[in-house]
*Asks:* 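My structure is below; once you've seen it, I'll send some questions.
Throughout, a chain's letter reflects where its sequence line sits, starting with A, and its residues are numbered from 1.
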Amino acid sequence: MNWQSDLNSIETSFAPTLERWYERHKRDLPWRHTRDPYRIWLSEIILQQTRVAQGKPYYERFVAAYPTISEMARTDERDLLRLWQGLGYYSRARNLHQTARYVTTQLDGKFPDTYHELLKMKGIGSYTAAAIASFAFGERVPVVDGNVYRVLARVFGIEEDITSTQAKKTFAALAMKLIQSANDPATYNQAIMEFGAIQCTPMSPDCLLCPLQQQCVAYLTGRQNKLPVKSKKAPVRERFFNYFIFRNNGKIALRERMTRDIWQNLYDFYLLESERSDSLSGTSNELQTALSATSVQESLHEVVRERVLAVPPTEAVQLLSHQRIRAQFYIIDLPDHLAGSLPIDLQWYTPDETEHLPKPVLITNYLDKLFG
DNA sequence: AACGCGGGGGG
DNA sequence: CCCCCAGCGTT
């Protein structure tokens, strides 16, 4: 047997092997009990760049709140974002809502049922289109997600940088070839992702019990921990947020974030961002990000044009994958005669109203501490 | 082709 | 501390 026919046999046995592995190892997950394209779509959007353990409770809450796509279409975007709160990548929630409305009103509630039609929907890219097309409609189109990159890079010894455009073509072509031998496209797609999540994990994969062990280029050459190749990401940006929490008559002032920045359409407090600390005590970590007392008074003077009391701020750090935000929170109790002269985008909310607004985790955590 | 976009969990 | 997670849209 020459190397070419040998490789060919690996390619034809790959999918059936994973399908058999899957039947013995699959987890019982709620979206695996339905073929409703709406629920499959919902689960796939939630699971984008999100671990199953983190996304599962959100899926349950969304299905309970919006059992059908028309019910999701009928809700306010703000309520949907509130339900999404804490999951991150909030454009997913906005696109979810937009697509729910589009399908309900323009497509008469009938979800697109082919890969190419699905691709046209907001928030549905190549991965999600393939997932829905195969899981809900049985179309023979391969999913290519982070799990698939890892499994294929290892089994077939692919050394291309998976962040490059050329590599994406290489993996997509190989995936398309491999799915041709699957007994069932939906089962195979589930299988390869589950295999990547459970067995062929990023760190210390379980090669000793692996059904592909003797065909895996990475294992046979001792490169499990070198593949896939992935170039490093950009360094984390440091930002300094100075939040002012105006209070009056039991209410607090919040505003919706409208700019092209993080947390779009979520609510936070009046914000002054500073390039860096202007604190003089550069040796103290605690104070490095605080504005000086003078700066605080100057900043507030622009807002309310009168001396107001700023109690010593509390500090919090919020880590995002691409930013590190160091926040200072200043509480400002405004006298009644100043409560009407806030910046235009700020509005007063009761604690109960505030609870129902979508907010970044940084803000939610602070409010929880503030109100107990 | 590169970049921006959240937040959390595990080694 | 670093990595990565059932990726996508914009520039």
*Asks:* Starting at the 5' end of nucleotides 5-11 of chain B, put B wherever the base has a protein heavy atom under 4.0 Å, S where only the sugar-phosphate does, and a dash everywhere else.
*Replies:* BBBBB--

*Asks:* What integer number of Å spans the P atoms of dT11(C) and dG6(B)?
*Replies:*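 The answer is 15 Å between these two P atoms.
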
*Asks:* P atom, dG4(B) versus dA6(C): distance in rounded Å?
*Replies:*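 Straight-line distance between the two P atoms is 24 Å.
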
*Asks:* Scan residues 15-25 of chain A against DNA chain C and write down, sorted by residue number, each residue with any heavy atom closer than 4.0 Å; if none is found, say none.
*Replies:*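 DNA chain C contact set from residues 15-25 of chain A: none.
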
*Asks:* If you assign E44(A) and K122(A) each to the DNA chain C nucleotide with the nearest heavy atom, which residue ends up on the more 5' nucleotide?
*Replies:*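 Whichever sits nearer the 5' end wins; that is E44(A).
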
*Asks:* Touch check for W31(A), heavy atoms < 4.0 angstrom, all strands: base, sugar-phosphate only, or nothing?
*Replies:*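 The answer is base, as W31(A) lies within the cut-off (heavy atoms under 4.0 Å) of a base atom.
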
*Asks:* Given 3.5 Å as the limit, does a donor-acceptor pair link the side chain of T34(A) with the main chain of P30(A), or not?
*Replies:*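 No; judged by distance alone, with no hydrogens or angles, the pair does not exist.
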
*Asks:* Hey, does T163(A) reach any base, or is it just sugar-phosphate, or nothing, if we go heavy atoms under 4.0 Å?
*Replies:*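 Since no nucleic acid heavy atom lies under 4.0 Å of T163(A), the category is nothing.
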
*Asks:* One pair to check against side chain to side chain contact (heavy atoms under 4.5 Å, CB included): E194(A) and H25(A). What are the steps and the verdict?
*Replies:* CA-CA 8 Å; E194(A) 191 81 338; H25(A) 294 90; 5.8 Å; no

*Asks:* Apply side chain to side chain contact (heavy atoms under 4.5 Å, CB included) to residues E11(A) and L174(A) and explain how you reach the verdict.
*Replies:* CA-CA 9 Å; E11(A) 288 175 349; L174(A) 176 56; 4.3 Å; yes

*Asks:* Does the structure place the NZ or CZ of R92(A) under 6.0 Å from the centre of the six-membered ring of Y89(A), at an angle of no more than 45° from the ring's axis?
*Replies:*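 Ring-cation test returns no.
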
*Asks:* Taking 4.0 angstrom as the limit, do E77(A) and R94(A) come out as a salt bridge?
*Replies:*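 So E77(A) does not pair with R94(A) through a salt bridge.
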
*Asks:* Without hydrogens or angle criteria, can the side chains of Q48(A) and T128(A) be said to hold a donor-acceptor pair below 3.5 Å?
*Replies:*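 Q48(A) vs T128(A): donor-acceptor pair found between side chains.
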
*Asks:* I'd like the 5' and 3' limits of the part of DNA chain C contacted by chain A, with heavy-atom contacts below 4.0 Å.
*Replies:*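 The footprint of chain A covers dC3(C) to dT11(C).
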
*Asks:* Between R324(A) and S43(A), which is nearer to the 5' end of DNA chain C once each is assigned its nearest nucleotide?
*Replies:*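 The residue mapped nearer the 5' terminus is R324(A).
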
*Asks:* Any donor-acceptor pair under 3.5 Å linking the side chain of R324(A) with the backbone of E238(A)?
*Replies:*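 No; judged by distance alone, with no hydrogens or angles, the pair does not exist.
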
*Asks:* When you look at Y90(A) and W263(A), which way does the ring pair (Phe, Tyr, Trp, His ring centres under 6.0 Å) test go after all the steps?
*Replies:* CA-CA 7 Å; Y90(A) 296 94; W263(A) 304 328; 8.3 Å; no

*Asks:* For atom C1', what is the distance between dG9(C) and dG8(B), given to the nearest Å?
*Replies:*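 My reading of the C1' atoms in dG9(C) and dG8(B) gives 23 Å.
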
*Asks:* With distance as the sole criterion, is a donor-acceptor pair present between the side chains of N248(A) and D336(A) under 3.5 Å?
*Replies:*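 A pair is found: one side chain offers a donor N or O, the other an acceptor, under 3.5 Å apart.
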
*Asks:* Examine distances only and state if a side-chain atom of T201(A) and a backbone atom of I198(A) form a donor-acceptor pair shorter than 3.5 Å.
*Replies:*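 Not at all, since once roles are kept as given, no pair shorter than 3.5 Å links the two residues.
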
*Asks:* Tell me if a side-chain donor or acceptor on K110(A) pairs with a main-chain N or O of T104(A) at a distance below 3.5 Å.
*Replies:*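 No; zero donor-acceptor contacts below 3.5 Å.
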
*Asks:* Applying a 3.5 Å limit to both distances, which nucleotide forms a Watson-Crick or G-U wobble pair with dG8(B)?
*Replies:*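 Across all strands, the one nucleotide that pairs with dG8(B) is dC4(C).
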
